[in-house]
Structures are given as structure tokens and as C-alpha cells.
*Asks:* 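The structure's right below; bear with me while I get my questions together.
In what follows, every chain begins at residue 1, and chains take the letters A, B, ... in the order their sequences are listed. Because the structure is a prediction, the values reported are computed rather than measured.
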Protein chains: 2
Amino acid sequence: MTTSDTATGDPRPLRADAVRNRAKIVEAAKAAFSERGLETQMEDIARRAGVGVGTLYRHFPTKDALVRALIVDKMERMAEHAKAAMKDDGDPWEAFAGVLRKGAEQTVRDRALAQVFSSQPQEAYRTALEDETELAARMAWLLRRAQDAGLARPDADPADIPIVMCGLGAVIHNERNWERYLALMLDGFRNTTVERLPE
Amino acid sequence: MTTSDTATGDPRPLRADAVRNRAKIVEAAKAAFSERGLETQMEDIARRAGVGVGTLYRHFPTKDALVRALIVDKMERMAEHAKAAMKDDGDPWEAFAGVLRKGAEQTVRDRALAQVFSSQPQEAYRTALEDETELAARMAWLLRRAQDAGLARPDADPADIPIVMCGLGAVIHNERNWERYLALMLDGFRNTTVERLPE
DNA sequence: ACTATAACGGAACCATCATTCCGGTTGTCA
DNA sequence: TGACAACCGGAATGATGGTTCCGTTATAGT
């Protein structure tokens, strides 16, 4: 969450109380959205932050802008996990799978994130998000490394990853079974070129 | 879609025009919901059916009731596929996977169904739906048979199936990649007890 | 044909939210 | 310490969409 969410160059520095309030708002929004999801109302957030809606709106021109800011934040954290995994010299498969698991864990704790992953709005976010963070590129790299090591199925495609996350988002808010989902999905990603049966 | 959606015993038979209108409504609702999803407005449906909203509401007391009726319908169709698959003596794995694929195909063509599968409301529907149709029981049977034949992973659980469908619902309305999703997921379901690597 | 009644249509109603407005505060700078 | 812009709060506004109401119309039975 960098300073210029509003994307103003920064003609004048923010006034002290404004800074304070902005922090409270972001804090409250994070909590509210992750607990109650995207349907959280602006007024709830304002109340929770101890400010008026007006104030909320001065800091974020629109609900969508607020959501977006928070989501980008989360995505950046994931992107960092991915970066770390790239430096990890251990099992390439585990490096790849580990990032997905981390992402999943983060998603369970944040209903809004889950919703964004799984529903329409995503469309809107995707380009913006994946362009900003290098998440997609890094995941692709991790996947390829696992493939080169013969651990991931050769025909797996970086484009499959958003699919997995999308499904994950849906699964999460209905069941506690996301671990199950991930397990199945990851097995699907593994290298299974070893023939098993006459078919 | 049986006669008594409104669940009245049936004190008096429905009047001729009422029957006609009900049919038009169901028809319109099916089309509208599958094209535009759950956010379709009641008035759209009414217009499409060539009746007034009032009429719509006399037949279905609530939007939710209407949706539910249509969804149950779809579920019943799936349950029939499952039943057919049970009688099929071919490859047990294909029988199981085939039903999932059929379900997926049906879901791609119906946005509302996809939404129900993937979002919160499902909670509300699930019990009602799966109790009415025997879908769940049948899928469980198909899965077990595939397991007994050594074709599905031994630790797969009937409870995993709703998870798959849930993820599917989410994936579908964002990508054309549902086939990819299913492929990965199904591979996850396969028997992979053959060790591949020293681990 | 005629009436009692079931069914219609669609305007009006109401609840829910995001967003806007503006009179009142507060921080900052001289 | 005073003045002025930057900020604040929260009531009011507007849009959306499900649901209800009621005067009108079609159907079934005589």
C-alpha cells in the first residue's frame, strides 16, 4: 500500500489528521472486506474506521477503487512469495506448489479476495493486477522449472494457473475443503506421463 | 418441472390461461437466467414472457423460488445422466468422468447454474437439491465403482465432488477454459498410487 | 348470455446502497 | 494568535430492483 493510491503526483503533502484517517480507513477496510467480503458497505467501513463516509470518499473516490487498492496489496504479497520461491534451490515442484498453497491460505482468510478471484469482477481486475505485480510471470517461471525437472506435466500451461485460483476462490467460501481442492488440483498438475493402464 | 411448484395440494385445477402463462414464464426464465445469470431482473423475465410482473409473482412467490425451481430441474437432468451411467457396463472411470463432463457442459450453457454452483447461495440450495434428486448418492456410487476397479484414487471421497462442481462454476464464467479445468481435476482424481519418483 | 371469481398488468412502493453536498472543524503557516 | 485552506461528518440524494396492490379482463359453470 504505497502513498499515492489516489495517484495524484503530490502537489502538497497530506495533512497530519488526513494521514491518520487514511491509515484508519485502510485498516478498517482490510478487516471488514476480509471478514464480510465485497458486499461490505461503505458506511460499515467508515464506522469501523471511526470516520464519516465523506472522509472515506475523499481518500478513495469509489468503492471499487478501495477494493482494488487492497487487492493489489494482497497480490503484491503473493508476488513476493513467488519471488522467494524462485530463489529457493530445493525441490522445484514444492517451490511451485508452495506458492499456490500460500496463496490459498491467504485467500481463505480474505473473503473479498476469494470473491475477486472467483467472480466476474475479476475480469476487470486481472489485467491491471497482473500487469502491476509480476506474479503471473513468476508463476510461469516456477512452473517451467518444475516441468524441466520432469515434475510437472509437460503440457501444463501458465494460463492454467489463474484457472486454479479462480476455482479456489469459489471453493473456499463454501467449504473448509480448500485443502482438498488444492490437493486434487496439484495432483492434476503433476507429471503423469508414466502410463498406468492399457487404456 | 412438475405441476405443483407452488406446492399447493391443488384445490382447483389451474385455469387455462394460467397454465399457458406459467409455461411462457418458465420458458422465458430458463432462457433469461441461462443467458444473463442470476442478476436477471424479474421484470425482464416478465417482459420476455409477455406477461406483467404481477403474473410472474402469482406463479412464483419470490425470485428465489423461481430460480430454485429451474435449478432443481437442471439437477434432475444431471441425476438422470448419472443413473444412465450406472447402467453402463463400459469403463467405470469413463462412466464417472462422463457424468462430470456432461454436468460441465450443461453448466457452460447456463450462467445461473454456474453461479449457483460457485457462490454462497449454494449453501441454501444444496441440502434441498441433493436431497430431492439422488444425484449425490449416484455420483458416490459411480466413484466407488471406479475406485474398486483401481481407476480412481483410493482416497477420493464423494464429498470431493461438490468441490469440483463448485470450482467449475467459478471457472466457467470467466474463461472458456473449463475443459482445461476439468482435465486437470479429473487427472487429480485418477489413481496415481504408482510411485513416480524417490520423493 | 351472465355472474362469480381466478388471473392479469403494471404503476406504485420500499429497502438497500453507493455517492454527493455543504455547514462546521482543525491543522498549518505567518 | 489569527486566518484560511484542507478536512471532517453525516444527512440527503439517486439509482436499482424486488415485491405489493388494485382496478381491469378472461374463464368456467349455469
*Asks:* Quick one, A/Val164 and A/Leu186 - any side-chain contact, counting heavy atoms below 4.5 Å?
*Replies:* no
*Asks:* Inspect the contact between B/Arg180 and A/Asp155 and indicate whether a charged nitrogen and a carboxylate oxygen are less than 4.0 angstrom apart.
*Replies:* yes
*Asks:* Evaluate the salt bridge (charged side-chain N to carboxylate O under 4.0 Å, His left out) criterion for residues B/Arg48 and B/Glu43: first the C-alpha distance (whole Å), next the side-chain angles of each, then the deciding distance (0.1 Å), finally the verdict.
*Replies:* CA-CA 8 Å; B/Arg48 196 154 179 162; B/Glu43 211 181 307; over 6 Å; no
*Asks:* Calculate the interatomic distance between A/Asp17 atom CG and D/dC8 atom P; express it in whole Å.
*Replies:* 5 Å
*Asks:* In whole Å, I'd like the distance from the CD atom of B/Gln41 to the P atom of D/dG18.
*Replies:* 5 Å
*Asks:* Using a 4.5 Å cut-off on heavy atoms from C-beta on, say whether the side chain of B/Trp93 contacts that of B/Gln147.
*Replies:* no
*Asks:* CD1 of A/Ile25 versus P of D/dC8: gap in Å, rounded?
*Replies:* 7 Å
*Asks:* Closest-nucleotide mapping onto DNA chain C: is B/Arg15 or B/Glu43 further toward the 5' terminus? I mean the 5' end.
*Replies:* B/Arg15
*Asks:* Taking atom P of D/dG18 as reference, at what distance in whole Å does atom CZ of B/Arg47 sit?
*Replies:* 12 Å
*Asks:* Determine, for A/Arg153 against B/Asp187, whether the closest basic-nitrogen to carboxylate-oxygen distance falls under 4.0 angstrom.
*Replies:* yes
*Asks:* With a 4.0 angstrom cut-off to heavy atoms of chain B, pull out the first and last contacting nucleotide of DNA chain C, in 5'-to-3' order.
*Replies:* C/dA6 to C/dA11
*Asks:* Got a salt bridge between B/Lys83 and B/Glu76, using NZ or NE/NH1/NH2 to carboxylate O under 4.0 Å?
*Replies:* no
*Asks:* Measure the distance from NZ on A/Lys63 to P on D/dA15 and round it to the nearest whole Å.
*Replies:* 19 Å
*Asks:* Between B/Asp148 and B/Arg144, is the closest basic N to carboxylate O distance under 4.0 Å?
*Replies:* no
*Asks:* Report the distance from atom NE2 of A/His59 to atom P of D/dA6, rounded to the nearest whole Å.
*Replies:* 14 Å
*Asks:* Go nucleotide by nucleotide along DNA chain D from the 5' end; which of B/Tyr57 and A/Val19 gets its closest nucleotide reached first?
*Replies:* A/Val19
*Asks:* Checking contacts here: which listed nucleotide (D/dT19, D/dA28, D/dC7) is nearest the side-chain heavy atoms of B/Thr62?
*Replies:* D/dT19
*Asks:* Nearest whole angstrom, please: distance from the P of D/dT20 to the CG of B/Leu56.
*Replies:* 12 Å
*Asks:* Give the rounded distance in Å between these two atoms: CZ of A/Arg58 and C1' of D/dA5.
*Replies:* 12 Å
*Asks:* Does a nitrogen or oxygen in the side chain of A/Asn21 sit under 4.0 Å from OP1 or OP2 of D/dC8?
*Replies:* yes
